[in-house]
Amino acid sequence: MKPKLPLGLLWLPALLSCVCSAALAESLEKTLDITYESPVLIQQADVSVTLADFMAYLDWRVPAEEQRRVLSSPERIEGILESIVLIEALMHRLGGTGGLNDPSVQASIYQAAARQARALYRQRLTDELELDSYESQARELYMVEPERFQRRETINFDHILVAVGDERDEVTAMRRAADVYDALAEGQPFSEVAESYSDDSGFDDHRGRFEGIDTASLVPPVAQAAESLEVGELSVPIQSRFGWHIFTITKVNEGEQMSWEEAQPMAEEVARERHLGEAYQRRLREINTAPMQFADGAVKTILEHYEIEGFGMPISESDDGTDAN
């Protein structure tokens, strides 16, 4: 049996409610008393950790696909249990100091529960409404919105790398890169210059010529430079963590329409997210259709708490803390 706490560490969304009458009261007591039956795993002084505590913590901290791997290690299980014990112990310590009697502390925990409730509700809604297959919706999406399923534009380019290493310092590498640039700018054949200067470890395989490369796969300085180059234009030496790069774009390959087989996984995921997202938004609209009633002086209560006389106007005080007015 889990002890009853004024505000628990495990939260049940269905318990979060606030009922107001037409004549709104000046104050309202909110409670979140949670009890649950679960086998006890650890007892330390006044703290008990149950299997339900362990499951909730694991779901919070570890993605579902990683949980079995984590549970395969006794050391990891022990570490999780120790973390839960510490959290529970701190909760009891806070209660012992009277901190849980502070309305602002209780409200903070209550609002944390409300945020968790939102996430849990959305997951339950997903489990309830998710279809076994989204293939038909995906095929329709592929036909109606073909622009979503275009391959990215790629480039062909000739590239020479001048590396910096134990045998070549920064200054020497920079001068060597300048020599490469001058040689290419003077019209020397790329193949000859690359053969003489390239330090690329894969040069024997590609000879410095690359085709169908997505600029997003390049190191950032080179990718940025490639975006501004015209076809046939020689880049100035560009420095990255690998050294100095000199390159020329030889062709821009326009993005092409993916085949259905290529696009299907992406299209099904888009269709799934769209279906579930729209369902969730419908539920939110249903909730928001209920009329909202403001208590008399609600805004004034907020401003007075934060010592604000009006919107954007903090209350003036003299240096000694007395009211300037």
Side-chain angles (χ1 to χ4, degrees), residues 2-22 24-25 27-38 49-68 70-71 80 83-88 90-92 94-95 99-132 134 137 268-295 298-299 301-303 305-306:
K2 192 71 176 175
K4 178 181 284 191
L5 299 175
L7 291 167
L9 288 176
L10 296 178
W11 309 307
L12 300 179
L15 297 180
L16 299 177
S17 62
C18 173
V19 180
C20 299
S21 64
L24 292 172
S27 63
L28 177 68
E29 180 181 352
K30 292 187 179 184
T31 60
L32 184 61
D33 295 334
I34 295 179
T35 60
Y36 48 92
E37 295 282 349
S38 183
V49 176
T50 71
L51 177 60
D53 295 327
F54 185 91
M55 293 166 58
Y57 185 91
L58 194 68
D59 288 341
W60 172 44
R61 300 292 295 176
V62 182
E65 63 273 13
E66 292 291 323
Q67 290 183 6
R68 293 188 68 84
V70 169
L71 295 175
I80 291 172
S83 296
I84 300 171
V85 168
L86 179 59
I87 292 173
E88 294 269 6
L90 291 173
M91 184 71 170
H92 281 280
L94 179 61
L100 288 178
N101 297 324
D102 184 338
S104 64
V105 172
Q106 293 189 10
S108 176
I109 298 175
Y110 194 98
Q111 292 304 315
R115 290 191 295 271
Q116 179 71 355
R118 175 180 175 138
L120 291 173
Y121 176 76
R122 184 160 191 170
Q123 182 57 54
R124 287 177 180 246
L125 187 65
T126 296
D127 295 341
E128 174 189 341
L129 300 178
E130 187 171 15
L131 303 179
D132 293 334
Y134 284 92
Q137 294 90 333
E268 289 183 352
E269 183 59 25
V270 171
R272 174 184 177 275
E273 291 297 325
R274 181 174 292 182
H275 169 241
L276 296 176
E278 290 175 351
Y280 183 63
Q281 290 303 316
R282 283 196 300 273
R283 293 294 174 93
L284 292 183
R285 286 194 294 272
E286 291 173 7
I287 294 171
N288 287 330
T289 55
M292 185 179 296
Q293 296 175 294
F294 282 87
V299 174
T301 300
I302 294 172
L303 297 180
H305 175 78
Y306 290 99

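- Here the closest heavy-atom approach between residue S38 and residue L51 is recorded as OG-N, 3.4 Å.
- For the 3.5 Å distance criterion, the side chains of D59 and Q67 qualify, holding a donor opposite an acceptor.
- Here the CD atom belonging to Q111 is positioned 11.5 Å from the CD1 atom belonging to I109, to the nearest 0.5 angstrom.
- In the model, D127 has a side-chain atom that pairs as donor or acceptor with a side-chain atom of Q123 under 3.5 Å.
- Put simply, the side chain of Q137 does not reach to within 4.5 Å of the side chain of V270, judged on heavy atoms.
- A cation-pi arrangement is present between R122 and Y280 under the rule of less than 6.0 angstrom and at most 45 degrees off the ring axis.
- Looking at L94 and L90, their side chains never come closer than 4.5 Å, going by heavy atoms from C-beta outward.
- Residue S104 holds its OG atom at 8.0 Å from NE2 of H305, rounded to the nearest 0.5 Å.
- For the atom pair S108 OG and D102 CG, the distance stands at 10.0 Å (nearest 0.5 Å).
- Remark: Q106 CD to L100 CG distance equals 6.5 Å, nearest 0.5 Å.
- Side-chain contact between R272 and T126: present, with at least one pair of heavy atoms (C-beta onward) separated by less than 4.5 Å.
- Side-chain N or O atoms of D53 include one that pairs as donor or acceptor with a backbone N or O of T50 at under 3.5 Å.
- L284 places a side-chain heavy atom less than 4.5 Å from the side chain of Q281.
- Of the inter-residue distances, the one linking L276 atom CG with E128 atom CD reads 11.0 Å to the nearest 0.5 angstrom.
- Residues Y121 and R283 form a side-chain contact, since some pair of their non-hydrogen atoms from C-beta on lies under 4.5 Å apart.
- Contact annotation: the side chain of L71 never approaches that of V62 to less than 4.5 Å [non-hydrogen atoms, C-beta and beyond].
- Using a 4.5 Å cut-off on side-chain heavy atoms (C-beta onward), I80 and V70 make contact.
- L129 and Y134 make their closest contact through O-OH, 4.3 Å (heavy atoms, listed as atom of the first residue, atom of the second, distance).
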